[in-house]
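Everything quoted here is computed from the prediction, not taken from an experiment. Just so you know, residue 1 is the first one in the sequence shown, and it goes up from there.
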Amino acid sequence: MGIMETIRVSLDAVAANKMRSLLTMLGVIIGIAAVITMVALGEGAQRRVADQLRAMGANVLTVRPGPNLILGVDIGVGRLTVEDAEALRQAGGLIRGVAPEMEDLFQVEHGSDNANLAVVGTWPTNFSVNNHKLYAGRFFSEAEERGRRRVAVVGALVAGRLGLSSPTALIGEKIRIQGMSFEVVGVLAEKGAPGPFNTDENVYIPLSTAEMRVMGSDRLRTIAVQAPSEQAMLATMAEIHRILRREHRLRPGEEADFNVHDQASLMATIEETNRTFSFLLAGVAAISLLVGGIGIMNIMLVSVTERTREIGLRKSLGARERDILLQFLMEALVLCLAGGALGVALGYGGSSMLERMAGWSMVVSPEAVLVALLFSAGVGIFFGLWPAQRAARLAPIDALRYE
């Protein structure tokens, strides 16, 4: 019997019991859909983070407060202050730009509308160091920062959060933070980075205003430092350590109470987290495929038992062991490939739904679809081989006598 005839007979056998075939494929469908969704989520997250880091600038170092250790005992988180940022700015040399930030969540009001937004106190250098582009209006100036002026530059999505239809509708308008009025002088271009890195919903005000009028603290969340180039990152990092250790009066060998990170290390950390999450989902998908494969093996064994006399009749008419083996193996393969195709469709649908409803970035790659289909075919061959061999080895006389 030719290969095309074998495929036709296998398809007829699968179609003869549609509901049983569908239930048999269920484990494979769920497993493949989980694989597609997992890969789409992982690749989308990595692409989103890479785009955000690229938008921030590849030659930017971030200084954060670290553990404060005395004789190996953690006595709390270290401090970063405006004086630290001033010391870095005055150093010059390898340090091309410094942008301190203090940040907190506040209720920002405009008219009768309000929203909880991140308010960032910073220097005007923040916009160039972190590669912000202006959409409309202007940035606040050094004079406004020194004069503790109540002016603000807002992210591209702030107007929408405050019930306005156009990003530029806030230009020249007053917003209220902590009961104080701030004039909006500029709107930033959208960077399009949802999640914890979303700067499009930030409100930027002068650092001196934030320190003295809004937050009442000189503690900084971060200090962004711009290096001359990507090649000078390590040298700039060493310079930052030298300056801040001097400012914090740390003795040689004493643990630093701050951390310096570059974008590459941050990207590596996030990728490692995504990889761990992907392995977890892959484990769930593998278990589902294993259960689906066992279900296919079970149904194929039942099918061999139900069709024992048919096998005996075909063998008595000249069918070889190879023909019987190929037929039942093809049936298992058809079940798995059909389940894989339905799983791919379900994965596509689930990814699109998550992207629309949850706002997650999902990227379904053709490579993931191909691997999923090949894997489902492998499951069909692996779990269908034993039932197929059992059917092929039946003796014609015993099979014809089977009741």
Side-chain angles (χ1 to χ4, degrees), residues 52 55-57 80-83 85-86 89 97-224 359:
Q52 175 64 12
M56 289 172 63
L80 286 178
T81 64
V82 178
E83 286 72 22
E86 287 285 1
R89 178 161 66 174
V98 178
E101 287 187 0
M102 56 176 61
E103 178 182 332
D104 207 345
L105 279 175
F106 291 98
Q107 188 176 68
V108 178
E109 302 171 85
H110 176 262
S112 59
D113 294 299
N114 63 81
N116 286 323
L117 301 172
V119 176
V120 181
T122 187
W123 288 346
T125 51
N126 184 295
F127 305 114
S128 59
V129 168
N130 288 314
N131 200 26
H132 288 295
K133 305 298 182 185
L134 199 61
Y135 180 76
R138 63 177 179 84
F139 299 127
F140 53 77
S141 65
E142 289 283 352
E144 288 170 323
E145 201 283 323
R146 289 193 301 269
R148 302 174 189 170
R149 297 291 300 277
R150 287 183 290 181
V151 292
V153 175
V154 300
L157 301 182
V158 170
R161 292 290 305 275
L162 293 175
L164 299 172
S165 57
S166 170
T168 60
L170 277 176
I171 296 290
E173 293 287 311
K174 300 286 187 180
I175 59 174
R176 292 185 299 280
I177 305 171
Q178 290 285 80
M180 290 178 286
S181 292
F182 285 76
E183 181 186 356
V184 178
V185 297
V187 177
L188 299 177
E190 187 171 356
K191 282 196 172 183
F197 298 102
N198 192 358
T199 58
D200 293 331
E201 295 185 354
N202 287 355
V203 176
Y204 297 90
I205 62 176
L207 181 63
S208 59
T209 309
E211 182 182 358
M212 304 303 296
R213 298 185 175 185
V214 179
M215 301 182 190
S217 171
D218 65 346
R219 289 203 174 194
L220 301 176
R221 182 178 64 93
T222 62
I223 302 175

Between T122 and P100, is there a donor-acceptor pair closer than 3.5 Å when you use the side chain of the first and the backbone of the second?
yes
Tell me, do N114 and R176 make a side-chain contact under 4.5 Å, heavy atoms counted?
no
Is it the case that the side chain of D200 and the backbone of K191 share a donor-acceptor pair, with hydrogens and angles ignored and the cut-off at 3.5 Å?
yes
When you look at CE of M212, are more than 12 heavy atoms from neighbouring residues, nucleotides or ligands closer to it than 6.0 Å?
no
Rounded to the nearest 0.5 Å, what's the gap from OG1 on T209 to CZ on R148? Could you check?
8.5 Å
Does R213 CZ have over 12 foreign heavy atoms under 6.0 Å away?
yes
Contacts of F139 that satisfy ring-ring contact (aromatic ring centres under 6.0 Å, His included) - sequence neighbours left out:
F127
Rounded to the nearest 0.5 Å, how far apart are CD of E201 and CD of E190?
9.5 Å
Is there a donor-acceptor pair under 3.5 Å between the side chain of T125 and the backbone N or O of V98?
yes
State, with a plain yes or no, whether a side-chain heavy atom of V153 is found less than 4.5 Å away from one of V185.
yes
Distance in Å, R138 CZ paired with E144 CD, rounded so as to fall on 0.5 Å steps:
4.0 Å
All ring-ring contact (aromatic ring centres under 6.0 Å, His included) counterparts of F182, not counting sequence neighbours
none
Atom CZ of R149 with >12 non-hydrogen neighbours under 6.0 angstrom:
no
Taken in chain and number order and not counting sequence neighbours, the residues that satisfy side chain to side chain contact (heavy atoms under 4.5 Å, CB included) with E173 are H110, L170
So among N130, N202, L207, L80, which one has a side chain to side chain contact (heavy atoms under 4.5 Å, CB included) with E101?
N130
Minimum heavy-atom distance D104-M215, with the two atoms named
N-CE, 3.8 Å
Here the pair of heavy atoms bringing T168 nearest to A136 is CG2-CB, 3.7 Å
Criterion side chain to side chain contact (heavy atoms under 4.5 Å, CB included) on I171 and Y135, from CA distance to verdict
CA-CA 11 Å; I171 296 290; Y135 180 76; over 6 Å; no
For P167 and A159, the nearest pair of non-hydrogen atoms, with its separation, is CA-CB, 3.8 Å
To the nearest 0.5 Å, what is the distance between CG (L117) and CZ (F106)?
11.5 Å
Check: E183 and K174 side chains under 4.5 Å, non-hydrogen atoms:
yes
Nearest heavy atoms of V187 and L134, plus distance in Å:
O-CD1, 3.6 Å
Here the pair of heavy atoms bringing A152 nearest to V203 is CB-CG1, 4.1 Å
Main chain of S208, side chain of E145: is a donor-acceptor contact present, judged purely on distance under 3.5 Å?
yes
Report the distance from atom CD1 of I175 to atom CD of E109, rounding to the nearest 0.5 Å.
10.0 Å
Minimum heavy-atom distance I205-A210, with the two atoms named
CD1-CB, 3.7 Å
